[in-house]
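One structure is given below, encoded as C-alpha cells.
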Amino acid sequence: MFGVLFEQTADGQRYIDWLLSGLGWTLALAFFGWWIAFGIGVIVGVGRTVQNRVFAIPARLYVEIFRNIPVLVQMFLWYFVFPEVVPSAIGDAIKQIPPPWASFFPALLCLGLYTASRIAEQVRAGIEALPKGQLEAANALGLSSYLTYRHVIVPQALRLIVPSLTSEVMGIYKNTSVALTIGLMELTAQARQISEATFQTFTAFGAATVVYLCLALIAYQAMALIDRAVRIPGSAPATLPADQDLASEVQQGGLPHVMEAAK
Amino acid sequence: MPRATVSNATRPAEIVVVENVVKRFGAFTALNDVTLKVDKGEKIVLCGPSGSGKSTLIRCINHIEKHDAGRIIVDGVELTNRIADINSVRCEVGMVFQSFNLFPHLTVAENCMLAPIRVRGISQSEARDRALGLLRKVRIQDQAGKYPAQLSGGQQQRVAIARALCMQPKIMLFDEPTSALDPEMVKEVLETMVELAKEGMTMVCVTHEMGFAREVADRVVFMDRGSIIEEAEPETFFKAPRTERAKAFLNQIIH
C-alpha cells in the first residue's frame with residue numbers, strides 16, 4: 001500500500017524523503033517550540049500566582065490573549081501582520097529572511113507563545129494545588145519570595161503537573177501542522193504534496209497519520225518515563241505501599257503464619 | 001541593610017514584645033488587645049480552647065500572619081511591612097508546625113541545609129555538618145538521605161525541629177507540634193523539645209501536653225476568645241486556676 005512512497009520523484013528523490021524532510025521540520029518546530037513554551041509558561045504561570053500586581057496583571061493578560069485567539073489566526077498574525085506593524089527597518093529585515101526560515105521562525109514563535117499560555121495555566125494550577133504550609137514553612141525559614149519559588153514551590157508544582165503536560169507536548173506537535181498555512185513544508189504539507197504528485201491521497205495522508213500516531217506514542221512514553229524519574233521517593237502511586245506491606249508481611253511474619261496454618 | 005532597632009523600648013532581656021496586638025479575619029477578631037513579653041531563655045506554654053487565638057498569636061510573632069494593630073518587636077526589630085526586617089526576624093525565629101511542613105521533594109538533609117545555605121550564606125559543607133549534627137541531636141541522623149514521605153510522623157516532626165535549629169534561631173515557636181501525631185510518637189517529639197528547653201532555648205509552645213508544660217514551662221499563658229485570660233507558673237495554673245474559664249478548660253483536657 002505504501003509502495004508508492006519508494007518511487008522516484010521528479011527531482012530524483014523518493015517520496016519518502018519528502019515525508020522524512022517534513023517530519024524533520026515538524027520535529028524541529030515542536031522541539032524548539034516546546035522549550036520556548038516551557039520557559040515562558042513557567043515564568044507566566046508563577047506570575048499568575050504572585051501577590052504583586054506588576055507581575056500578576058501582565059501574566060493574566062498574556063494568558064488571556066494567547067490562549068483565546070485561534071492558533072491559525074495567531075499564525076497569520078505573526079507571518080503577515082507582525083512585519084507590517086514593527087518599524088519598517090525591522091519589518092524589511094524580516095521579509096529578507098530566505099524561504100524555509102521565513103516560515104519557520106513565525107511558526108516557532110506562534111506555537112511557542114501559544115503553548116506557553118496553556119502551560120502557564122497548568123503551572124498555576126500546580127502551584128495552587130500545593131498545601132499552604134509549604135509556603136509558610138519557607139517563609140518561616142526566612143527564604144525570600146524568589147528563593148521560595150525557586151527551591152520550594154516550582155520544583156513541586158512541576159512534578160505535580162507532569163501528567164497534564166503530556167497533553168501539551170502532544171498538543172504542540174499536532175499544532176505544527178498549522179504551519180503549512182504559512183508555507184512551511186512540514187509533515188502535513190509534504191503529505192499533501194505527495195498526494196498531489198501521485199494522486200495516491202490515501203497513501204500520502206495514511207503515511208502522515210501513522211507518523212503522527214507514532215510520535216504521540218513516543219511522546220506519551222517519554223513523559224511517563226520523566227514522571228517516574230522525577231517522582232518523589234515515598235510518594236509513589238497508591239497501589240505501591242500496599243504491595244510493599246504485603247511483601248514485608250510475607251518476609252517478616254508470613255512464614256510462621258503459614259506453618260501455623262499447616263499444623 | 002541596618003536594622004531599625006528600637007532598643008529603648010525593650011529591656012535587653014526581652015526577646016519578644018507583643019503590645020496591644022489586634023488581629024482580625026474579616027469580621028472575626030482573632031486577637032483582641034494581646035500583650036505578651038518573653039524574656040531570653042524563657043519557656044512559655046500557650047494553651048486554651050480551639051479558636052482562642054493561640055496559634056494566631058505565635059504566627060504573628062514571625063509575621064506569617066500580619067497584625068492589624070499594636071506592636072510586635074522581636075530581637076529588637078519591630079515587625080512592620082518592610083520585607084528586609086521581616087526576613088531578618090524570621091532568620092532568628094524558628095518555627096515548628098502542627099503538620100510538619102517538610103519539603104517533600106528534598107531529602108531530610110537537604111531540608112535542613114536549604115535555608116542556611118541560601119539565606120545565611122554558609123558553605124555547602126558547613127551546612128551539611130551542621131545539619132548532620134542537629135539530626136544526630138534529634139536522633140535521626142541515619143535517615144538523612146531519606147525523603148520525608150519515607151519517615152513516620154514523629155520522625156518528620158523531629159526533622160522539622162532540626163531544620164528550624166539549623167538556622168541557629170534565638171527563639172523557637174511550636175504550633176501544636178504533637179497534635180497531628182499518633183499517640184506513640186508524641187513522646188519522642190516531646191523528649192526532643194524537653195532537651196532543647198534544658199539547653200536554654202527560648203521557647204513559645206502552643207500545646208495541650210500538660211505534662212510538658214509542668215516539666216519545662218516557666219509560665220503558662222491561657223487564652224480564650226482572642227485574649228490572654230490568665231498567666232501563671234505551671235504549678236499555680238494547674239492547681240489553682242483563678243478564672244472560671246481556665247477551670248472549665250482544664251476540666252475538659254485532664255480526664
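A, B, ... follow the sequence lines: proteins, then strands. Residue 1 opens every chain.
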Steps toward side-chain contact (heavy atoms from CB on, under 4.5 Å) verdict (B:M95, A:E136) | CA-CA 10 Å; B:M95 180 140 187; A:E136 289 176 357; over 6 Å; no
Test A:I232 against B:F103 for side-chain contact (heavy atoms from CB on, under 4.5 Å), laying out the working first.
-> CA-CA 11 Å; A:I232 299 162; B:F103 305 132; over 6 Å; no
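In this structure, the portion of A:L147 lying under 4.5 Å from any heavy atom of chain B is its side chain and not its backbone. For B:F97, the part sitting under 4.5 Å from any heavy atom of chain A is the side chain, from C-beta outward, and nothing else. If you measure heavy-atom distances from B:L102 to chain A, the contacts under 4.5 Å come from the backbone alone.
With chain B as the partner, the residue from A:K132, A:R159, A:H151 showing the most heavy-atom pairs under 4.5 Å is A:H151. Of the listed residues (A:A138, A:P131, A:S145), the one with the most heavy-atom contacts under 4.5 Å to chain B is A:A138.
Proximity to chain A among residues 104-115 of chain B is limited to B:P104, B:H105, B:L114, B:A115, judged by heavy-atom separations below 4.5 angstrom. Of all residues spanning residues 116-144 of chain B, those with a heavy atom less than 4.5 Å away from chain A's heavy atoms are B:R118, B:V119, arranged by number.
Within a 6.0 Å radius of CD in A:Q51, other residues, nucleotides and ligands contribute 12 heavy atoms or fewer. Open room surrounds CZ on A:R60; 12 or fewer heavy atoms of other groups in view lie less than 6.0 Å from it. Heavy atoms from other residues, nucleotides or ligands lying under 6.0 Å from CZ of A:R67 number more than 12. Within a 6.0 Å radius of CZ in A:R124, more than 12 heavy atoms belonging to other residues, nucleotides or ligands are found. In B:F25, the CZ atom is crowded: over 12 heavy atoms of neighbouring residues, nucleotides or ligands sit closer than 6.0 Å.
Nearest heavy-atom pair, A:A140 versus B:I64, reported as atom, atom and distance to 0.1 Å: CB-CD1, 4.0 Å. Shown here for B:Q150 and A:P233, the closest heavy-atom pair between the two residues is NE2-CB, 3.6 Å.
To the nearest 0.5 Å, the span separating CG on B:N62 from CG on A:N139 amounts to 8.5 Å. From B:I86, atom CD1 reaches atom OG of A:S144 across 12.5 Å, with rounding to the nearest 0.5 Å. From B:R90, atom CZ reaches atom CG of A:L141 across 10.0 Å, with rounding to the nearest 0.5 Å.
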